[in-house]
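For reference, the structure is listed below as structure tokens.
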Amino acid sequence: MLCIETKNLRKKYASTVAVDSIDLQIESGQVFGFLGPNGAGKSTVIKLLTTLISPSNGEISVLGIDSSKHPLEIRKKIGVVLQQPSYEPTLSAEKSLDKYGMMWNIDKKTRKKRTEELLSAFGLEEIRKKKMEDLSIGQRRRVQVAREFMHNMELLFLDEPTVGLDPTARRKLLDFLRDQVKKSGLTIFYTTHVLSEAEYLCDNIAIINNGKIMAVDSPSELKNRFGHEKTIKIHISTVSEELKLKLSKIPECQIKLEPEPTVVITSTKSEIVLMNILKILNETETKINDLSAIPTNLEEIFLKVVGDSN
Ligand SMILES: Nc1ncnc2c1ncn2[C@@H]1O[C@H](COP(=O)(O)OP(=O)(O)O)[C@@H](O)[C@H]1O
Ligand SMILES: [Mg+2]
């Protein structure tokens, strides 16, 4: 089933086109990543999809509901954690969860059970009695995400939820989210500018830049599509004229002299090119100081995709 569908979605703020003709088709039961640099339009898309703002043009359907006709129906079925902090300063972490459950009409027994589960799952047991205003940014953020799970929802929107979290808390959150999707068929729309996170968590990723979608695919397909090229760097001690001459006959490599003499191979068949170059280095008695291969990761793909569109 399609969980989110947009057609020609656009949002303009005065002279800024924040979202530019976005067509999305997102299947349910997955974590869908929305990956892009600051200002790309991620938060604007979340606000549009959660009916908090209206589009300038285009159509939005969420859980099969037309957002221009029945925005409240959509809001009843979704959870949202926006980037802006939202909490009652004097409420304790556990009260904050409980109160949120009350707002969603969850019965007392279920609230109690869920509060315990969530405090444990989010590593918040030790600070459960602390007031929200006394928590660190990361702790508050965790309470904010945790409380969304007090109610039953089909679709959850998270706008850069890991900002301010330390690596352990971050990993714990990502694993919790994965687990929820697997267990309950929940769909999560997840924005981030952190590539490793998108790669770890998401089933599919849309790369967004300047309000436009540059690519949509699974992390491994994105790597296949954009990641055939590999870079190998060979740091050498000296560069002789003979070496320069011989290397100039190999098209897919170049010599850099600064900051240290380096032969750089950028090729889709970098291993084969490497063999030829090692032979030449041997013939010219060039000493190799160090050799490094840079595998293609999503970060390089991201920079390439975003860079190409600027
Ligand atoms: N309320 C607003 N008024 C004017 N411009 C805005 C507003 N909200 C966002 N923008 C602009 O729209 C663009 C996209 O912003 P945003 O969706 O917040 O990006 P992201 O979440 O990817 O960092 C940016 O250029 C931003 O400055
Ligand atoms: Mg944002």
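Counting starts at 1 for both ligands and their atoms, following the listed order.
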Give the residue, atom name and distance (to 0.1 Å) of the protein heavy atom nearest atom 25 (O) of ligand 1.
T16 CG2, 3.8 Å
Applying salt bridge (Lys or Arg N to Asp or Glu O under 4.0 Å) to R128 and E116, what does each step give before you reach the verdict?
CA-CA 10 Å; R128 61 189 295 158; E116 292 310 318; 2.6 Å; yes
Would you tell me whether S86 and R140 have side-chain atoms, one donor and one acceptor, within less than 3.5 Å of each other?
no
side-chain hydrogen bond (donor to acceptor under 3.5 Å, both in side chains) partners for D175, two or more places apart
Y200
For the residue pair D159 and T191, confirm or rule out a side-chain donor-acceptor distance under 3.5 Å.
yes
Please enumerate all residues that pass ring pair (Phe, Tyr, Trp, His ring centres under 6.0 Å) together with Y190, with sequence neighbours excluded.
none
Would you mind checking which non-hydrogen protein atom is closest to atom 23 (O) of ligand 1, with the distance to 0.1 Å?
G39 N, 2.7 Å
Numbering as shown, the atoms of ligand 1 that approach P37 to under 4.0 Å (heavy-atom distance)
22 (O)
Check each heavy atom of T44 against ligand 1 and say whether those closer than 4.0 Å belong to the side chain, the backbone, both or neither.
both
Is there a donor in the side chain of N8 and an acceptor in the side chain of S21, or the other way round, less than 3.5 Å apart?
yes
Can a salt bridge be assigned to the pair R111 and D98 using a cut-off of 4.0 Å between side-chain N and carboxylate O?
yes
Looking only at protein heavy atoms, which one is nearest to atom 12 (O) of ligand 1, and how far off is it?
A18 CB, 3.3 Å
How about T192 and E197: does a side-chain donor come under 3.5 Å of a side-chain acceptor?
yes
Within-2.8 Å protein N/O/S contacts of the Mg ion (ligand 2)
S43 OG, Q83 OE1
Please list, in number order, the atoms of ligand 1 under 4.0 Å from a heavy atom of S43.
17 (O), 18 (O), 20 (P), 21 (O)
Check each atom of ligand 1 against the heavy atoms of N38 and keep those under 4.0 Å away; list them by number with element.
23 (O)
Paired with F157, the ring pair (Phe, Tyr, Trp, His ring centres under 6.0 Å) test is passed by just one of F32, F34, F189, namely F189
Take every heavy atom of G41, measure it against each atom of ligand 1, and state whether any distance is under 4.0 Å.
yes
According to ring pair (Phe, Tyr, Trp, His ring centres under 6.0 Å), who are the partners of F176, at least two apart in sequence or on a separate chain?
F122, F149
Atom 7 (C) of ligand 1: any protein heavy atom closer than 4.0 Å
yes
With a 4.0 Å cut-off, strictly under, does atom 27 (O) of ligand 1 pick up any protein heavy atom?
no
When you compare the side chain of Y87 with that of V143, does any pair of heavy atoms fall below 4.5 Å?
no
Ranked by distance from atom 9 (C) of ligand 1, the top protein heavy atom is Y13 CE1, 3.4 Å
